[in-house]
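For the numbers below, each heavy atom of this structure counts, side chains included, while hydrogens, waters and symmetry mates do not. Just so it is clear: chains get the letters A, B, ... in the order the sequence lines come, proteins before strands, and each one is counted from 1.
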Protein chains: 2
Amino acid sequence: MTLRELARHLNLSITTVSRALAGYDDVSEATRARVREAAERLGYQPNPLGQRLRSGRTEAIGLVIPAAPGHMSDPFFLELAASLGDRLREHGLDLVLTSAAPGPQEMERYRYLVEGRRVDGVVVARTRRHDERIAYLAEKGVPFVCHGRSETPAVFPYIDVDGEHGFRIAAEHLIRLGHRRIGLVNSPEELNFTHHRVSGYRQALEAAGIPWDTSLIEYGDLTEESGYRAAKRLLSLEEPPTALLCANDWMAIGAMHAVREGGMWPGKDVSVVGYDDLPVARFTDPPLTTLRQPIRASGARLADMLVELMNGAKAEALQEVHLPELVVRGSSGPVAGGPPQPPG
Amino acid sequence: MTLRELARHLNLSITTVSRALAGYDDVSEATRARVREAAERLGYQPNPLGQRLRSGRTEAIGLVIPAAPGHMSDPFFLELAASLGDRLREHGLDLVLTSAAPGPQEMERYRYLVEGRRVDGVVVARTRRHDERIAYLAEKGVPFVCHGRSETPAVFPYIDVDGEHGFRIAAEHLIRLGHRRIGLVNSPEELNFTHHRVSGYRQALEAAGIPWDTSLIEYGDLTEESGYRAAKRLLSLEEPPTALLCANDWMAIGAMHAVREGGMWPGKDVSVVGYDDLPVARFTDPPLTTLRQPIRASGARLADMLVELMNGAKAEALQEVHLPELVVRGSSGPVAGGPPQPPG
DNA sequence: CTGTTAGCGCCTTCAC
DNA sequence: GTGAAGGCGCTAACAG
């Protein structure tokens with residue numbers, strides 16, 4: 001059922017039908033009613049292909065998940081994608097999804113979306129400190145919004161969670177429990193939030209007069225496995241930490257496993273703190289102390305921001321930083337008499 | 001840069017340029033070379049909007065994740081979506097993603113995609129025994145493929161994992177370890193795989209001469225929370241099970257938590273088995289015995305199937321059932337002397 | 001108030 | 001080997 005067919009049924013011109021349905025006020029109420037009724041009855045739906053060619057807009061937004069398949073156990077991205085997709089649909093936009101591990105292939109995906117004119121805008125997730133994607137999109141002048149800030153020189157809308165605040169309150173929490181050797185199971189250095197978090201951690205240490213010790217920092221790639229390995233390394237130090245601050249819940253779960261393997265108890269011998277408050281965090285043993293981020297709300301807000309941007313809003317006015325909230329559970333507890341024995 | 005502009009640059013007609021680029025052989029090699037070079041140099045890319053209107057195809061495939069935002073911690077869907085998206089792109093198709101909890105809103109999403117002509121085909125995930133979505137798509141004649149079978153009367157391509165086999169070998173494993181009271185932390189009854197799995201479980205019991213006891217079956221909704229609750233109920237039976245077979249890893253994690261809370265040890269007092277082999281399964285304490293499904297490969301294969309279907313392949317020829325593999329870890333072990341004491 | 005006309009960018013008969 | 005013309009479905013400027 002096309003506009004033309006509908007018009008023929010009604011003995012009207014295509015134009016009139018189009019305008020009647022679009023709600024123009026230069027069409028008589030009688031005609032409009034007749035058109036509406038017929039459209040309803042015959043199940044007319046405008047063909048988006050025609051509308052899109054006409055308007056030059058694809059009515060689609062792109063999202064490239066920055067992880068290779070097989071390494072995306074992170075529900076974070078699913079929540080983000082789903083909430084984005086849902087809210088975008090309310091704005092009449094489709095969400096087009098692909099994935100690619102950071103690197104040349106990832107940039108190729110962006111070029112495909114942008115230069116192949118497959119989307120009107122883009123959402124960038126998990127920003128990096130120096131972010132090629134942002135530089136590219138800014139240069140091309142494509143509307144885009146980011147989950148996370150970046151030091152890449154460009155002005156763009158973003159939502160971020162204040163990782164500095166997060167790690168500061170988490171470290172303060174541990175310090176209050178008596179911990180003075182707090183290991184960091186850190187995220188990759190290239191990620192933008194890594195720096196904010198480290199600096200929050202540092203602030204808490206300084207305020208408590210605890211010396212800065214780089215041997216207490218180990219890096220992982222946000223997977224359980226990498227958290228496990230990083231924790232292993234930290235726990236085998238001569239003077240091991242009594243607490244582990246981890247950059248996400250997955251690494252915290254890996255870290256707890258390492259603690260267990262060392263014959264110690266998370267929350268008793270070694271405290272462990274995560275980040276994200278995934279649903280699973282309530283069900284680990286012991287349940288995980290962690291920082292809660294509002295993922296779902298962020299997705300919806302990012303969708304709104306992108307629409308506002310495309311409608312001409314200023315990027316400067318579309319920048320938000322939210323505070324994470326510390327959720328204390330059993331995996332963090334008072335420091336034990338002395339530091340725990342190293343494993344083995 | 002449009003075809004017309006490119007043609008003008010070359011002093012050629014649009015037709016010739018179009019055909020030169022499309023590889024028709026009725027264009028001279030010299031012209032073709034000239035056209036190719038200019039297209040390259042000027043960065044010509046065909047506008048998909050024009051192609052789509054012309055061909056009547058949207059070049060997009062829809063996926064509606066059957067879960068409300070906030071309840072989709074299931075990395076399964078992310079893996080599926082990402083692997084689908086990547087492979088579809090190789091076929092020149094975009095993946096359009098939304099989500100909706102099963103129910104009227106979900107059907108509305110499908111209608112939006114299909115009747116709104118926003119996609120050429122659809123992927124249905126987590127099929128249900130009687131599946132409205134399948135009935136709808138079959139009736140509309142839209143090309144679609146499913147992850148999972150269904151009893152809904154329709155012939156369609158699918159990939160499924162043999163849950164009957166899975167739960168049978170898992171139950172056999174537990175029986176070999178001496179368990180005779182094996183509780184089921186089951187998935188929702190409306191899901192198609194639930195029945196296959198229960199029947200595999202039943203077969204194993206029968207083969208071992210263990211009587212069927214419906215009080216050992218509790219239902220959850222695949223979240224940790226529901227697994228926790230179901231396990232609580234089972235463990236508070238007068239004669240509690242010594243092993244818990246769970247329909248996915250999340251519920252298994254919830255179940256292990258319940259076991260712990262009852263002062264018992266997963267893998268010692270009560271064995272726990274999951275399903276999916278999520279990355280996290282290696283890092284729980286104890287690590288989780290579970291059934292491994294090839295999710296990533298399934299996504300890619302589903303994309304291929306859908307393309308084949310749209311190219312005229314018979315649906316009957318596109319139906320595959322894969323075998324899951326039992327991965328034995330520490331959460332399952334020999335039955336303890338007697339049944340464990342109920343908690344509290 | 002309604003209809004005619006044109007054009008978005010592409011592809012594909014058909015004619016030369 | 002190449003060009004002209006038409007049309008996919010829609011909207012909007014412009015007449016009447």
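Within 4.0 Å (heavy atoms only), A/Thr31 reaches sugar-phosphate atoms of the nucleic acid but no base atom. In this structure, A/Leu12 reaches the sugar-phosphate backbone alone: every heavy-atom distance under 4.0 Å involves primed, P, OP1 or OP2 atoms, never a base. Across all strands shown, A/Asn47 has heavy atoms under 4.0 Å from sugar-phosphate atoms exclusively, and none from any base. Among the heavy atoms of the strands lying under 4.0 Å from A/Pro46 are primed sugar atoms or P, OP1, OP2 only; no base atom is included.
In this structure, A/Arg54 atom CZ and C/dT5 atom C1' are separated by 12 Å, rounded to whole Å. In this structure, the CZ atom of B/Arg52 is 16 Å from the C1' atom of C/dC11, given to the nearest Å. Atom CD of B/Glu5 and atom C1' of C/dC8 are 13 Å apart (whole Å). Between the C1' atom of C/dC10 and the CG atom of B/Leu6 lies a distance of 13 Å, rounded to the nearest Å. The interatomic distance linking B/Leu53 (CG) with D/dT11 (C1') rounds to 13 Å, in whole Å. Distance A/Arg117 CZ to C/dG9 C1': 9 Å, rounded to the nearest Å. One atom, CD1 of B/Ile14, and another, C1' of C/dG7, lie 12 Å apart when rounded to the nearest Å. Rounded to whole Å, the distance from CZ on B/Arg118 to P on D/dC10 is 12 Å.
Counted within 6.0 Å of CD on B/Glu320, heavy atoms from surrounding residues, nucleotides or ligands total more than 12; the atom is thus considered enclosed. Open room surrounds CD on A/Glu132; 12 or fewer heavy atoms of other groups in view lie less than 6.0 Å from it.
A/Arg4 has a side-chain polar atom (N or O) that falls below the 4.0 Å cut-off from OP1 or OP2 of D/dC8. The side chain of A/Ser55 contributes no N or O atom lying less than 4.0 Å from OP1 or OP2 of C/dC8. Between A/Tyr44 and D/dG9, a side-chain N or O to OP1/OP2 separation shorter than 4.0 Å is absent. Remark: B/Gln51 is in phosphate contact with C/dC11, judged by side-chain N or O atoms under 4.0 Å from OP1 or OP2. At the phosphate of D/dG9, neither OP1 nor OP2 sits under 4.0 Å from any side-chain N or O atom of A/Thr2.
Judged by closest nucleotide on DNA chain C, B/Leu49 is the one of B/Thr15 and B/Leu49 placed further toward the 5' end. Residue-to-nucleotide proximity on DNA chain D shows that, of A/Gln45 and B/Asn11, the 5′-proximal contact is made by B/Asn11.
B/Asp120 and B/Thr58 are linked by a side-chain donor-acceptor pair at a separation below 3.5 angstrom, with hydrogens and angles left out of the test. In the model, A/Ser150 has no side-chain atom that pairs as donor or acceptor with a side-chain atom of A/Asn192 under 3.5 Å.
Candidate nucleotides C/dG9, D/dA12, C/dC11 were compared by shortest atom distance to the side chain of A/Tyr24, and D/dA12 ranks first. Comparing atom distances between the A/Thr16 side chain and each of D/dG1, C/dG3, C/dC1 picks out C/dG3 as nearest. Distance from the side chain of B/Ser13 is smallest for D/dA4 among the nucleotides D/dA4, C/dC11, C/dC1.
A donor and an acceptor atom sit less than 3.5 Å apart, one in the side chain of A/Arg19 and one in the base of C/dG3. Residue A/Ser18 places no side-chain atom within donor-acceptor reach of the base of D/dA12, judged by atom type and a 3.5 Å distance cut-off alone.
The side-chain heavy atoms of B/Val96 and B/Arg118, taken from C-beta on, include no pair separated by under 4.5 Å.
Between B/Tyr44 and B/His9, the gap from one ring centroid to the other reaches at least 6.0 Å.
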